[in-house]
Amino acid sequence: MFFGRAILQDGHPLLMLIESCKTLRQAYQIHAQTVVNGLHIHLYSLSKIFSLFALFGCSESLDHSRLILSRTDVPNVFMWNTMIRAHSRQELHGKAVLLYPSMIAQARALPNHFTFTFVFSSCARLPTPVPGFQIYGHVIKRGLESDTIVMNAFIHFCCGFGDLHSAQKVFEESPVRDLVSFNTMISGLAQGRKPHAALSLFTVMTRSGLMPDHFTFVALSSACSGLNNYRLAKQIHNLVYMYFGFVDCGRSAHLVGSVMDMYLKCGEMEMAEKVFNTLENVKSAAALSCMVSGYARAGKVELARQIFDQVDEKDTVLWTAIISGYSQAGQYTEALSLYKEMEASGIKPDKITMVAVLSACAGLGALTFGQRVYNQCLKKRLYGQDVILITAIVDMYAKCGKIHAALEIFHGVPNYQRTTHLFNAVISGLAQHGHGKIAVLVFEEMEAAKVSPDEITFTGLLYACSHSGLVEEGRSLFKSISQMHGINPQMKHYCCMVDLFGRKGNLDEAYKFIQAMPFEANSVIWRSFLSSCKLYGDVEMGRIASTKLLEMEPDHGARYVLLSNILASTKQWEEAGKVRKVMEERGIQKPSGWSYIELLDGTIHQFPASNYKLHPQKEEIASKLGEVNGRLRAAGYAPSTVDVVFDVDEEEKEMIVSYHSERLALAFGLLNSGPGEVLRIMKNLRICSDCHLVFKLLSRAYKREIIVRDTTRFHHFKNGLCSCKDFW
DNA sequence: ATAGGGTTAG
């Protein structure tokens, strides 16, 4: 044996060997030697050997240390503490915390302040705060509550669960507060979105004579990053200069990165860029990800992409930042194709990546892709641990037309995980699907669960009411926004109300409502009012609305279209033609429509209006369209051309409507799907009334369920009827 | 004891 002799003479060389031990094999040899030499009887040597295994860093060594511990009659505090720390390091936080009761049940060794420090750091990572608070009871029993190290660990634990109240109480009652106490508390306030409290605590800290360090400023800049206050950001940056001079970026990359992120989150791109450039060649992965998401948030996806492309070793966070950037910019297809690239490059997505991908699927209405991602979440056991991920999945199902799947998942979510966001996603989903009454019921559930609604909740609810014709419910909900919930109704809420009254044909009430608003109605409100006027053929009111709109936005295409529609529908062709002409003269075009459909294999096929000639299956599509028209005639269909604004002859109008993009997508869908398969079509404009009728007829003629998502809502066509009950 | 990426509506 390579060290046998030395041990016989003295124990210390063995300890030196332990310190230089590099491989697990050597560790086993050393352990065997101590047994051979009888050294393992001495608790001191045994503890050393034990900690070598416990902290070695792999599960095999940890198992071995467990074995040693179980064979030790009276393990000392050091051994227990080491064991707790070892589990904590290997992310086995539940087991780490459970070691504490075994320790106090068995040992004569009393827990000391190290014990509590280690236990609290694991408690902070558990799904529930309960064990941590129980253990705090023991801290008090042992009289360790004034121990600064234990207190700091406990504050950290409380902040991790957002329990700032307990954290502050302990902090304030503590006799000795050191730099770490202040840093921990400031950082907790920052995480808990209490930036002002964080700032004032910083003042308290400096007044009490403590010198802030890098940790302090990292916490402070993250506190202020949500304030959107450029002057404050600059002040903090100045303080950093004041305390540390021009920071050495190599050593203070964390701090510099935090300051940069603060500027990014304030939208101060120029300052952020300046700071970014000072990082020169020590740009950390964190700094790069910050820049990518910062540019994306500022709407500069292309710049974000440039940074992303320059990074050689892209990690999960960076990939997620760019995917989410594209998704937020509405470039869903690009987001999904980047996700495929990420998978191909072998970087593992985590739950945040999944959220970004799911939100792209939702935006696109890509059900097959979305379901695949959901299954991956289940397989990787990502599902269930995170509320935002659940929200993203619920939203994906709702926006892909599967509102029942969305509800099923929602119902499986326990009350404590139900957040405002989650309720909002469900309520808006129900609204989009025209389930107004259920939306109101879910809202009641929300109130019962004491989850506070916000302005988005009410937007969804009022939207739901207006799409289901629930005038009374809408009226009382609107009143409750300010009276019961202390939220000032915003323009979008007024907009929903005008829509609600208008859709029901209460044009007078809608008009009065607009006049009684506390602020000037915007163009969206007038446009909504105008379209109700059109629906009910009220030319007089319509004129008022279009005059208003003309003042507000002379160049908006939709207004001309609506005005000429309203005139055309009452056969005032000449006037309608004039409007059309003005529109043409000013070079304003009606936005062009396009639709797309996803096949079961997950491929997405897009069709612009009147143009399928570029599609490889153009001939089949043409003949399918012919067949479809035949079926329609057999069902007694006469094309409705109310929505065609041109004053052309009937035959030509018929041509125009029969090539609407949703029809092309439908013909393609019928060609490429099995019998009985549901067809899901997405459209960038509202579905026209003629296509709506056609889809109803076709759902019966072909015995197919057809789901159309247009800009405002879902239409489920089944057996000759539509879920919107022709009210949209 | 530090830092980076995420959800709803419009």
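Naming convention: chains lettered A, B, ... in sequence-line order (proteins, then strands); numbering from 1 in each chain. What's counted below: heavy atoms across the whole structure, side chains too, no hydrogens, waters or symmetry copies.
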Item to check | Closest to the A/Val218 side chain, choosing from B/dT7, B/dA9, B/dT2 | outcome: B/dT2
Next on the checklist: Once you apply a heavy-atom cut-off of 4.0 Å, does A/Lys314 come out as touching a base, just sugar-phosphate, or nothing?
Outcome noted: nothing
Item to check | A/Gln328 vs B/dT7: side-chain N/O to OP1/OP2 distance below 4.0 Å | outcome: yes
Next on the checklist: Could you tell me how far apart A/Leu201 (CG) and B/dA1 (C1') are, to the nearest whole angstrom?
Outcome noted: 15 Å
Item to check | Identified ring-ring contact (aromatic ring centres under 6.0 Å, His included) counterpart of A/Phe154 within the set A/Phe171, A/Tyr136, A/Phe116 | outcome: A/Tyr136
Item to check | Interatomic distance where CG belongs to A/Leu318 and P belongs to B/dG5 [whole Å] | outcome: 12 Å
Next on the checklist: Base, sugar-phosphate or nothing for A/Ala285? Non-hydrogen atoms, less than 4.0 Å.
Outcome noted: base
Checklist entry - Aromatic ring centroids of A/Trp319 and A/Phe308 under 6.0 Å? => result yes
Next on the checklist: Closest approach to the side chain of A/Asn183, judged atom by atom: which nucleotide of B/dA3, B/dT7, B/dA1 is it?
Outcome noted: B/dA1
Item to check | salt bridge (charged side-chain N to carboxylate O under 4.0 Å, His left out) partners for A/Arg372, two or more places apart | outcome: A/Glu343
Checklist entry - Which one, B/dG5, B/dG10, B/dA1, comes nearest to the side chain of A/Val180? => result B/dA1
Next on the checklist: For a quick check of understanding: with a heavy-atom distance under 4.0 Å over all strands, which category does A/Asp395 fall into, base, sugar-phosphate or nothing?
Outcome noted: sugar-phosphate
Checklist entry - A/Cys290 has a side chain; which of B/dG4, B/dT8, B/dA3 sits nearest to it? => result B/dG4
Checklist entry - With sugar-phosphate meaning primed atoms plus P, OP1 and OP2, does A/His156 contact a base, only sugar-phosphate, or nothing at under 4.0 Å between heavy atoms? => result sugar-phosphate
Checklist entry - NA contact type, A/Lys265, heavy-atom cut-off 4.0 Å: base, sugar-phosphate, or nothing? => result sugar-phosphate
Checklist entry - In whole Å, what is the span from the CG atom of A/Leu264 to the C1' atom of B/dG5? => result 13 Å
Checklist entry - Rounded to the nearest Å, what distance is computed from the CD1 atom of residue A/Ile409 to the P atom of nucleotide B/dT8? => result 15 Å
Checklist entry - A/Ala425 side chain: which of B/dT8, B/dG5, B/dT7 is closest? => result B/dT8
Next on the checklist: Under 4.0 Å, heavy atoms only, any strand: does A/Thr316 hit a base, just the sugar-phosphate, or nothing?
Outcome noted: base
Next on the checklist: Using a 4.0 Å heavy-atom cut-off, does A/Asn522 contact any base of the nucleic acid, only the sugar-phosphate backbone, or nothing at all?
Outcome noted: nothing
Checklist entry - Given atom CD1 of A/Ile236 and atom P of B/dA3, what is their separation to the nearest angstrom? => result 16 Å
Next on the checklist: Please classify the nucleic acid contact of A/Asn152 as base, sugar-phosphate, or nothing, using heavy-atom distances under 4.0 Å.
Outcome noted: nothing
Checklist entry - Cut-off 3.5 Å, side chains only: do A/Ser258 and A/Asp261 have a donor facing an acceptor? => result no
Checklist entry - B/dT8 P sits how many Å from A/Asp454 CG, rounded? => result 13 Å
Item to check | Sugar-phosphate, base or nothing in reach of A/Asp261, heavy atoms under 4.0 Å | outcome: sugar-phosphate
Checklist outcome for this item: Checking B/dA3, B/dG5, B/dA9 against the side chain of A/Ser428 (C-beta onward), the nearest is B/dA9
Next on the checklist: Please confirm whether the shortest side-chain N or O distance from A/Thr391 to OP1 or OP2 of B/dT8 is below 4.0 Å.
Outcome noted: no
Next on the checklist: By a 5.5 angstrom centroid cut-off and a 30 degree plane limit, is there stacking between A/Phe215 and B/dA1?
Outcome noted: yes
Checklist entry - Can you check the A/Leu210 CG to B/dA1 P distance for me, whole Å? => result 17 Å
Checklist outcome for this item: A/Ile155 atom CD1 is separated from B/dA1 atom P, nearest whole Å, by 12 Å
Checklist entry - Below 3.5 Å, does any donor atom in the side chain of A/Ser289 face an acceptor in the base of B/dG5, or the other way round? => result no
Item to check | Minimum-distance nucleotide to A/His254 side chain [options: B/dA3, B/dT8, B/dA1] | outcome: B/dA3
Next on the checklist: Considering every strand and a 4.0 Å limit on heavy-atom distances, what is the contact class for A/Leu389: base, sugar-phosphate, or nothing?
Outcome noted: base
Next on the checklist: By the 4.0 Å heavy-atom rule, please label A/Thr353 as base, sugar-phosphate, or nothing.
Outcome noted: base
Next on the checklist: Would A/Arg418 and A/Phe410 count as a cation-pi pair here, with the cationic atom under 6.0 angstrom from the ring centre and within 45° of the axis?
Outcome noted: yes
Next on the checklist: Side chain of A/Ile352, heavy atoms from C-beta onward: which of B/dG5, B/dA9, B/dT8 has the nearest atom to it?
Outcome noted: B/dG5
Next on the checklist: Is the distance from the ring center of A/Phe478 to that of A/Phe458 below 6.0 Å?
Outcome noted: no
Next on the checklist: Tell me the closest heavy-atom pair linking A/Ser181 and A/Met151, and the distance in Å.
Outcome noted: OG-CE, 3.7 Å
